[in-house]
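The block underneath contains the structure these notes are about, expressed in structure tokens.
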Number of protein chains: 2
Amino acid sequence: MFNREEILQAFEEKGLRATSQRYCIMEYLARRPVHLTADEIFRAVNRSDPRASRATVYNSLNALSEAGLVRDISVDGKATLFDSNLRRHHHFVCDLCAAVEDVEWFESPRFSRAELAGRRIREFEVVLRGTCKKCNSKATV
Amino acid sequence: MFNREEILQAFEEKGLRATSQRYCIMEYLARRPVHLTADEIFRAVNRSDPRASRATVYNSLNALSEAGLVRDISVDGKATLFDSNLRRHHHFVCDLCAAVEDVEWFESPRFSRAELAGRRIREFEVVLRGTCKKCNSKATV
DNA sequence: TTTTGTGCAAAAGGTTTGCATACGA
DNA sequence: TCGTATGCAAACCTTTTGCACAAAA
């Protein structure tokens, strides 16, 4: 998904200093196309560089997120999840196992002037809830 | 919105014991048609009954929410917000002042079998983001 | 050299929990 | 009376912060 060059170039474009910790984090997220908590990312990064600190992982994730290089989603007050899937997409959360999955993007409906009520809409974020494939098949067995 | 009888009847229907704390919380939420944090609710309830504890407010809100008598929404990892608006609705969050507003319900698109990918959808939750009426008018002035 | 990021530890929210007591059914 | 809810305080989990030091630009 991202090779070294692409990551470093993205940092430069966004005006982010290319520190080894940030690079590690970006690379780890790019390799693992799932939603990860800051703590999971911290443990992974800390495994390869035992001096990497939890605070830096949090700070870096915030910086990467603000720069638009990773996306974060927080569901039900649990720990924020990060991923590097930059394609527009929505999310599905399983009621049973709490897994978070990406779902294909679909358009927002158009709002009438009355419905907008003076608001300006920038983003449209959907969370679908239900039971995931895995849990459904377990229940059937 | 809710009078005493209605609240007590709702508790009975849901098999919830009618404790004075729960009643207080329900009544307060019914009187204030906004999104409130558990802490705001705690402070209000505690004002009228100084013995009411924070833990009970959290426990009660969870019980009320599970019973479907209040709804909760958590946005951006900040404190969960509670409200007693049980009509189906979506939410709008202002980028600038972080206000959370209810918006009219609109239907989910229909998903094809392929899009569902073995999932069963129970709920469709939308968060619109942008700038609210108040912030827009400030910016224009 | 100048800035910005890092590591560490401590603190800050928000929420849950264990246990003895009180209270609703 | 019986079982569940409450109050209290402590614990927990996630995230942020202050400060001295290190590393990018």
Side-chain angles (χ1 to χ4, degrees), chain A residues 4 7-26 28 35-67 69-70 72-82 98 100, chain B residues 4 7-26 28 35-67 69-70 72-82 98 100:
Chain A
R4 182 170 181 85
I7 293 178
L8 295 178
Q9 187 185 331
F11 285 175
E12 171 140 31
E13 276 169 16
K14 300 294 182 179
L16 291 176
R17 285 195 178 177
T19 69
S20 64
Q21 293 84 343
R22 280 181 188 162
Y23 178 80
C24 258
I25 291 169
M26 247 343 261
Y28 185 66
H35 297 86
L36 298 164
T37 64
D39 190 65
E40 284 164 343
I41 297 165
F42 162 67
R43 290 207 304 274
V45 169
N46 187 265
R47 219 173 292 134
S48 47
D49 174 4
R51 281 188 51 82
S53 76
R54 184 172 257 102
T56 295
V57 171
Y58 277 94
N59 289 338
S60 299
L61 285 168
N62 287 342
L64 293 171
S65 175
E66 266 165 46
L69 298 181
V70 306
D72 57 286
I73 163 183
S74 87
V75 172
D76 296 334
K78 292 202 279 286
T80 303
L81 299 172
F82 297 85
V100 175
Chain B
R4 182 170 180 83
I7 292 177
L8 295 177
Q9 187 183 332
F11 284 176
E12 170 140 31
E13 275 170 14
K14 300 294 184 180
L16 291 176
R17 285 195 176 176
T19 69
S20 64
Q21 293 83 344
R22 278 180 191 164
Y23 178 79
C24 260
I25 291 168
M26 245 347 260
Y28 185 66
H35 297 86
L36 299 163
T37 63
D39 191 65
E40 284 164 344
I41 297 164
F42 162 69
R43 290 206 305 272
V45 169
N46 187 264
R47 221 172 289 133
S48 46
D49 174 4
R51 281 188 51 80
S53 76
R54 185 172 257 102
T56 295
V57 171
Y58 276 93
N59 290 337
S60 299
L61 286 168
N62 286 343
L64 294 171
S65 174
E66 266 166 46
L69 298 181
V70 305
D72 57 287
I73 164 181
S74 86
V75 171
D76 297 333
K78 293 202 278 287
T80 303
L81 298 171
F82 297 85
V100 176

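Only heavy atoms go into these numbers, but all of them, side chains included; no hydrogens, no water, no symmetry mates. Computed from a prediction, not measured in an experiment: that's the story for all the values here.
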[X] side-chain proximity, nearest of [options]:
| X | options | answer |
| --- | --- | --- |
| A:A79 | D:dT14, C:dT15, C:dA25 | D:dT14 |
| B:R17 | D:dA5, C:dG5, C:dT15 | D:dA5 |
| A:A52 | D:dG7, C:dG7, C:dT15 | C:dG7 |
| B:N59 | C:dT6, C:dT15, C:dT17 | C:dT17 |

Distance check needed: [N] [atom2] versus [X] [atom1], whole Å only.
| X | N | atom1 | atom2 | result |
| --- | --- | --- | --- | --- |
| A:Y58 | C:dC8 | OH | P | 16 Å |
| B:R54 | C:dG14 | CZ | P | 9 Å |
| B:L61 | C:dT16 | CG | P | 10 Å |
| A:I41 | D:dT15 | CD1 | P | 10 Å |
| A:N46 | C:dC8 | CG | P | 9 Å |
| A:D76 | C:dT15 | CG | P | 12 Å |
| A:D39 | D:dC12 | CG | C1' | 13 Å |

Considering just the side-chain nitrogens and oxygens of [X], establish if one lies under 4.0 Å of OP1 or OP2 belonging to [N].
| X | N | answer |
| --- | --- | --- |
| B:S60 | D:dT6 | yes |
| A:Q21 | D:dA23 | no |
| A:T19 | D:dA24 | no |

Closer to the 5' end of DNA chain D via nearest nucleotide, is it B:V57 or A:A55? B:V57
Comparing B:L16 with A:R22, nearest DNA chain C nucleotide closer to 5' gives the residue A:R22
